[in-house]
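Everything numeric here is computed off the predicted structure, so don't read it as measured data. First the proteins, then the strands, lettered A, B, ... as listed; each starts at 1.
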Amino acid sequence: MADDITVTLPDDSTRSYPKGTTPAEVAVSIGRRLAKDALVASVDGELVDLDHPLDHDARVAIVTPASPDGREVLRHSSAHVLAQAVTDLFPGARYAIGPAIDGGFYYDFELPDDAHFTDDDLERIEGRMREIIAEDQPFVREEVARDEGLERFADQPYKREIIARVDDSEVGGGAVISLYRNPRAGRADFVDLCRGPHVSSTSRLGAFQLMRVAGAYWRADEHGPMLQRIYGTAWESPAALAEHLHRLEEAERRDHRRLGAELDLFSFPEEVGSGLAVFHPKGGMVRTIMEDYSRRRHEAAGYSFVTSPHITKAHLFETSGHLEWFADSMFPPMLVDEGSGEGTAYYLKPMNCPFHILIYRSRTRSYRELPMRLFEFGTVYRYERSGVVHGLTRVRGMTQDDAHIFTTRENMTAELRSLLVFVLELLGDFGLNDFYLELSTKPSDKAVGTDEAWDEATEALRSVAMDMNLELVLDEGGGAFYGPKISVQARDAIGRAWQVSTIQLDFQLPARFDLHYVGADNERHRPVMIHRALFGSIERFFAILLEHYAGAFPTWLAPVQVSVLPVADRHHPYADRLVERLRADGFRVELLGAHEDTIKKRVRRAKHQELVPYVLVVGDRDVESETVGVNARGTDDPDYDVPVETFVARLAAEVAERR
RNA sequence: GCCGGGAUAGCUCAGACGGCAGAGCAGCUCACUCGUAAUGAGCAGGUCCGGGGUUCGAGUCCCCGUCCCGGCUCCA
């Protein structure tokens with residue numbers, strides 16, 4: 001029949017329908033269950049409403065709630081319900097944009113008279129949303145001319161701005177925009193400008209929760225108006241919502257700021273200043289182990305160790321370009337030696353590279369010395385804007401495991417390749433094994449160097465990244481001012497991605513500092529620089545590990561590896577000997593004496609509060625037969641009567657294998 | 001930097017209206033000496049973030065600052 005169309009389903013089967021059939025009807029023809037679950041449809045890869053008539057042969061997939069597309073539609077529709085609720089409860093409220101996001105949705109509003117939402121408002125709004133959902137309001141798509149759209153949203157300046165921005169060429173000539181209307185009894189319909197698609201009715205929603213209210217700039221422009229954003233989460237079922245909320249709780253449980261205080265690892269004394277951490281003995285111990293291990297690996301990988309001061313005269317950062325490009329992120333200068341004239345300006349260093357360059361430049365270099373790899377745990381200070389500091393992951397003073405590799409242009413790619421292998425191995429040694437790479441290209445606003453140099457450097461990084469067999473994502477414009485970078489993103493135990501290592505290729509600073517080496521041809525050549533930090537910063541990496549392990553550091557990193565608990569005072573001499581023995585073998589041991597508390601309470605403290613890997617309880621039987629009772633973290637039942645030597649061997653093996 | 005919220009004992013928090021600053025846990029002391037996730041009793045613990053102001057009187061109200069939290073913007 002001429003008026004029939006052929007629909008190809010996801011399993012590649014085909015069915016014939018009259019032209020104008022809707023996806024809803026297709027779903028019905030496939031099965032009742034599917035028809036009931038259907039939210040929207042994908043037609044040749046594009047999402048459309050269920051009542052969107054099919055007018056040509058197409059691949060059609062019915063989208064159900066528990067799919068990524070399905071969740072996105074649920075969230076997007078929930079955002080509309082949020083906007084409806086807010087406009088109902090707050091007459092005169094203006095609504096701006098309300099997209100689905102990862103895990104939920106938000107909507108940006110502007111209330112009359114600069115009013116703000118409170119937490120109580122959030123509850124009222126959520127209540128109104130539940131009413132709207134119970135009212136079973138349909139979502140009705142409408143297409144109108146742009147001019148009509150401008151009229152319909154006469155009192156909604158943000159909507160008008162969006163409509164005005166719609167490019168004629170994008171909407172297929174007709175300059176048509178789409179709206180979604182929720183008809184309802186007793187009130188004017190709620191209408192929102194929207195591309196769609198949406199669920200057929202508000203009754204399809206429900207497993208949602210409003211989360212918080214926050215400020216957000218209109219169109220992400222910090223010079224534009226500040227709107228009020230309400231965040232919510234929405235899922236296909238109450239169970240999925242509960243699971244999501246549970247994941248949030250789990251993330252909170254792992255929060256390094258909370259664990260840092262609980263485990264007595266570090267703090268941020270108010271007296272010191274925002275974003276400036278002090279590490280306490282236990283945190284300092286973990287940090288020292290991390291650094292020591294890193295040093296050993298770097299030494300084995302052919303790095304030389306250097307050090308440099310924390311401050312320097314302004315001239316150095318003028319030459320490097322930092323004062324021109326990076327000054328906003330630098331602490332203001334201090335003027336010294338002011339006796340005669342205006343004095344000399346010194347800056348706290350925001351980066352270590354200029355110092356390493358001066359070390360390179362301290363004498364003529366031969367090609368035989370290259371690649372020259374200069375490594376330093378270099379502490380840098382960056383003047384982060386006051387609102388952005390966050391625990392150890394965003395600070396104003398940090399120590400980078402920083403190195404600068406000076407090499408020839410010919411060797412650059414090989415060096416990058418071996419460097420990436422080195423990075424992934426080192427991160428793996430700390431228990432991070434799930435990576436992807438991100439390639440950051442030339443920033444559009446601030447960058448030094450020619451496009452050709454940027455292209456060459458970017459291509460070199462890309463080709464090496466491609467060889468690693470890891471997922472590679474593009475971060476357009478995310479490079480530093482002097483060069484593109486690859487960053488290694490590591491996924492932690494609960495699947496969150498953290499940026500750790502960065503590797504930057506730099507043709508600019510060698511030129512700015514006029515660096516050379518003498519080649520085999522006895523001519524002077526310009527070296528290439530690679531900037532790289534593998535932990536990123538020790539502080540941030542520390543935080544990542546803390547969250548990854550939820551505070552339960554593996555034995556080789558744990559600040560206290562073993563707690564020895566004598567059952568009663570008469571077991572103290574044996575316990576003391578045991579502690580001495582373990583310490584002599586280089587293990588980190590604490591003794592929790594019998595006078596301190598009951599055995600139960602001491603076990604609880606060591607194992608469940610301090611998260612010590614091994615709790616050793618020693619009593620009469622142990623004294624008699626040179627054994628220990630081993631209560632290992634992560635197990636429920638202790639091993640009784642374990643010979644000391646057996647335990648020591650087990651501990652030594654774990655530390656040696658970095659477990 | 002911007003919007004909103006906050007800061008009370010080491011920690012978590014309570015303190016309508018402005019009227020003698022509290023609890024639990026942690027700490028210390030004593031008793032208990034106990035075999036693997038909270039023994040009992042007692043004691044001590046405070047610049048109510050700092051500085052100004054209003055008031056007979058301020059933890060509480062107002063202003064300024066510091067720091068923290070959730071976002072935005074920015075980023076290792």
Side-chain angles (χ1 to χ4, degrees), chain A residues 106 108 110 114 116-119 211-231 255 257-258 261-262 264 267-276 328-329 350-351 380 382-396 398-402 440 478 480 485 487 498-502 504 531-541 543-544 563 565-572 593-609 615-622 628-632 635-641:
Chain A
Y106 67 80
D108 286 346
E110 185 181 66
D114 280 331
H116 296 283
F117 294 117
T118 65
D119 285 349
M211 303 301 287
R212 58 177 59 97
V213 48
Y217 296 109
W218 167 238
R219 293 170 63 186
D221 174 6
E222 64 176 308
H223 303 294
M226 172 72 67
L227 304 178
Q228 287 188 78
R229 177 169 298 178
I230 295 179
Y231 282 96
D255 190 315
R257 293 166 301 180
R258 171 203 185 105
E262 277 175 13
D264 196 13
S267 62
F268 293 90
E270 189 183 329
E271 294 85 337
V272 178
S274 183
L276 299 167
D328 284 353
S329 299
M351 292 189 192
V380 298
R382 298 185 184 174
Y383 185 75
E384 300 292 349
R385 295 161 89 184
S386 64
V388 308
V389 296
H390 179 93
L392 288 176
T393 61
R394 195 75 187 276
V395 293
R396 283 178 166 171
M398 61 173 159
T399 301
Q400 298 180 305
D401 59 330
D402 205 5
S440 301
K485 72 178 181 194
S487 58
W498 301 83
Q499 176 171 326
V500 281
S501 317
T502 58
Q504 292 171 320
H531 306 239
R532 37 111 298 169
L534 308 191
F535 293 156
S537 81
I538 316 269
E539 289 80 3
R540 181 203 209 83
F541 196 69
I544 293 167
S563 288
L565 279 53
V567 170
D569 282 344
R570 65 180 178 281
H571 309 121
H572 267 231
H595 55 280
E596 294 196 37
D597 252 312
T598 60
I599 195 72
K600 278 177 179 293
K601 202 151 179 193
R602 283 177 285 149
V603 167
R604 176 187 160 82
R605 195 162 90 209
K607 183 178 179 182
H608 299 280
Q609 289 174 354
V615 172
L616 302 185
V617 175
V618 293
D620 290 335
R621 295 207 310 275
D622 300 298
V628 291
V630 179
N631 193 336
T635 63
D636 288 334
D637 300 311
D639 280 340
Y640 296 93
D641 307 314

At 4.0 Å (heavy atoms only), tell me whether [X] reaches a base, stays on the sugar-phosphate, or touches nothing.
{"X": "A:R570", "result": "sugar-phosphate"}
{"X": "A:Q400", "result": "nothing"}
{"X": "A:A594", "result": "base"}
{"X": "A:H116", "result": "sugar-phosphate"}
{"X": "A:D221", "result": "nothing"}
{"X": "A:V615", "result": "nothing"}
{"X": "A:D622", "result": "base"}

Notebook entry, point to check: Paired with B:U66 by Watson-Crick or G-U wobble geometry, both distances under 3.5 Å: which nucleotide is it?
Noted result: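 The base-pairing partner of B:U66, which may sit in any strand shown, is B:A7.
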Margin query: Can you tell me the base-pairing partner of B:G46? Count Watson-Crick or G-U wobble geometry only, both distances below 3.5 Å, and say none if there is no partner.
Written below: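 The answer is none; no pair meets the criterion.
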Notebook entry, point to check: Excluding sequence neighbours, so at least two apart, what forms side-chain contact (heavy atoms from CB on, under 4.5 Å) with A:S501?
Noted result: A:V423, A:L427, A:V488, A:L534
Notebook entry, point to check: Does a side-chain heavy-atom distance below 4.5 Å link A:Y383 with A:R396?
Noted result: yes
Can you pull every protein N or O that's under 3.5 Å from an N or O on nucleotides 24-30 of chain B?
residue	atom	partner	partner atom	Å
B:A26	OP1	A:K601	NZ	2.9

Check: If each of A:Y383 and A:Q504 is mapped to the nucleotide of RNA chain B with the nearest heavy atom, which maps nearer the 5' terminus, i.e. the 5' end?
Finding: A:Y383
Next item on the list: Find which nucleotide of RNA chain B each of A:D636 and A:R382 is nearest to by heavy atoms, and output the residue with the more 5' nucleotide.
Entry: A:D636
Checklist line | Exceeds 12 heavy-atom contacts within 6.0 angstrom, atom CG of A:D114 | finding: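 Not buried by this count: 12 neighbours or fewer within 6.0 Å.
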In whole angstrom, what separates [X]'s [atom1] from [N]'s [atom2]?
{"X": "A:E222", "N": "B:G1", "atom1": "CD", "atom2": "P", "value": "12 Å"}
{"X": "A:M351", "N": "B:A76", "atom1": "CE", "atom2": "C1'", "value": "9 Å"}
{"X": "A:R532", "N": "B:A76", "atom1": "CZ", "atom2": "C1'", "value": "13 Å"}
{"X": "A:D569", "N": "B:G35", "atom1": "CG", "atom2": "C1'", "value": "15 Å"}

Notebook entry, point to check: How many angstroms lie between CZ in A:R604 and OG1 in A:T598, if you round to the nearest 0.5 Å?
Noted result: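 Atom-to-atom, A:R604:CZ and A:T598:OG1 are 10.5 Å apart.
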Note to self: Given 3.5 Å as the limit, does a donor-acceptor pair link the side chain of A:H595 with the main chain of A:D569, or not?
What the structure shows: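 Here the side-chain-to-backbone pair does not exist.
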Check: Could you run down nucleotides 66-71 of chain B 5' to 3' and tag each one B, S or - for protein heavy-atom contact under 4.0 Å?
Finding: BSSSBB
Next item on the list: Check whether the side chain of A:E384 and the base of B:A76 form a donor-acceptor pair under 3.5 Å.
Entry: yes
Notebook entry, point to check: Has the side chain of A:D620 got a donor or acceptor atom sitting under 3.5 Å from an opposite partner on the base of B:G35?
Noted result: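 Not at all, since no donor on one side and acceptor on the other fall under 3.5 Å apart.
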